[in-house]
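This report refers to the structure that appears directly beneath it.
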Number of protein chains: 2
Amino acid sequence: MLEAGQPCAASYFVLQGCLRLYFVTEKGAEQITRFALENWWLADYTSLLSQRPSEFYIQAVEPTTVAVLSYPQQEALLAQVPALERYFRLVLQRAAAADQMRWVYHHGQSLEERYQQFSTWFPGFVQRIPQYMLASYLGCTPEFLSKVRAKASAG
Amino acid sequence: MLEAGQPCAASYFVLQGCLRLYFVTEKGAEQITRFALENWWLADYTSLLSQRPSEFYIQAVEPTTVAVLSYPQQEALLAQVPALERYFRLVLQRAAAADQMRWVYHHGQSLEERYQQFSTWFPGFVQRIPQYMLASYLGCTPEFLSKVRAKASAG
DNA sequence: CGTATTTCTTAACCTAGGTTAAGGAGAAGA
DNA sequence: TCTTCTCCTTAACCTAGGTTAAGAAATACG
């Protein structure tokens with residue numbers, strides 16, 4: 001859907017399924033920065049705005065239906081229907097809020113706490129994705145997540 | 001300007017000076033999530049939108065002049081001048097882009113690399129703030145930053 | 001100026017999480 | 001049913017960065 005090295009062509013709106021946005025570190029590890037579930041928008045805004053090569057990959061985690069809105073299409077749409085500016089502003093405002101809280105959870109808690117919280121808040125989602133993706137999203141290796149889970153279910 | 005525990009009353013636009021947005025971890029450490037320099041907006045969007053108590057603090061790092069736009073004022077302004085929806089959308093789009101890249105730099109590089117990059121890109125800013133704030137922003141202790149700097153200037 | 005307070009550095013020791021490696025377990029296909 | 005892949009787990013050992021503590025250097029202040 002998007003490969004690092006190419007410019008990000010569009011914003012994606014998930015109708016059904018799940019996308020992941022990730023990048024690859026110098027050491028070759030995949031770092032998932034965000035998932036997009038139903039009714040969320042996903043894009044690499046840096047690349048979308050500049051049309052320079054992206055650092056990110058976007059891939060489906062499961063069979064997924066998306067609406068694709070290219071940046072020129074978006075501009076044209078907004079020129080025709082200025083009322084949508086408000087809609088996109090509100091979408092971005094909510095995304096900004098979510099990003100700020102993500103930073104708090106990620107940098108304010110240990111991995112164990114992050115895992116506990118995430119699996120309490122999104123029990124269904126934890127079932128829905130492979131564990132190595134959850135590890136990548138939470139910011140650890142699959143091995144370490146496995147240890148945390150073993151500890152959590154023991155006591 | 002904003003204290004954790006109170007709702008975030010407004011967005012702040014920095015006319016001159018520098019603000020910092022930070023939160024306090026369970027262990028009592030301050031974590032700076034963002035600085036706002038001249039011409040940047042700063043707010044806790046989670047709290048601004050919900051009017052629930054904030055997790056964040058906003059403080060001036062140096063003598064600073066800001067424009068204050070409360071959320072009701074913003075709504076009123078946008079109702080009067082709908083063309084400004086576009087302006088705020090673009091501001092948020094740029095902020096989203098910056099946040100995504102921040103995640104890449106923060107989680108894709110070691111602390112040493114992060115420090116090198118930051119001081120190459122923003123040499124003036126590194127002079128402008130105390131080092132314990134830079135450490136907090138880069139995500140380490142002042143002690144460790146000190147070690148990295150010693151190493152960097154040696155070889 | 002000199003004193004006080006805040007910031008920065010150094011160094012010894014410690015811990016959360018990473019790495020490597022090997023084996024187990026479920027699904028998918030022949 | 002046997003094989004093959006992909007995923008998950010366990011365990012031994014390792015490292016980036018944290019903690020504690022103490023002094024050095026700035027900076028502010030009387």
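Here is the naming used below: chain letters follow the sequence lines, and residue numbers restart at 1 for every chain.
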Whole-Å gap separating [atom2] ([N]) and [atom1] ([X]):
X        : N      : atom1 : atom2 : result
B/Lys151 : C/dT10 : NZ    : P     : 14 Å
B/Tyr115 : C/dC8  : OH    : P     : 12 Å
B/Tyr132 : D/dT27 : OH    : P     : 13 Å

Among D/dT9, C/dT10, C/dT9, which nucleotide sits nearest the side chain of B/Arg149? C/dT9
Should B/Gln131 and B/Arg149 count as side-chain neighbours, where that means a heavy-atom distance under 4.5 Å? yes
Qualifying residues under side-chain contact (heavy atoms from CB on, under 4.5 Å), relative to A/Tyr87, sequence neighbours excluded: A/Phe13, A/Trp41, A/Leu84, A/Val91
Are [X] and [Y] an aromatic pair by the rule of ring centers under 6.0 Å?
X        : Y        : result
B/Phe23  : B/Tyr57  : no
A/Tyr105 : A/Trp121 : yes
A/His106 : B/His106 : no

Is there a donor-acceptor pair closer than 3.5 Å between any side-chain N or O of B/Ser70 and the backbone N or O of B/Ala10? no
Each nucleotide in nucleotides 12-26 of chain D should get exactly one letter: B, S or -. Can you fill that in based on protein heavy atoms under 4.0 Å? -----BSBBB-----
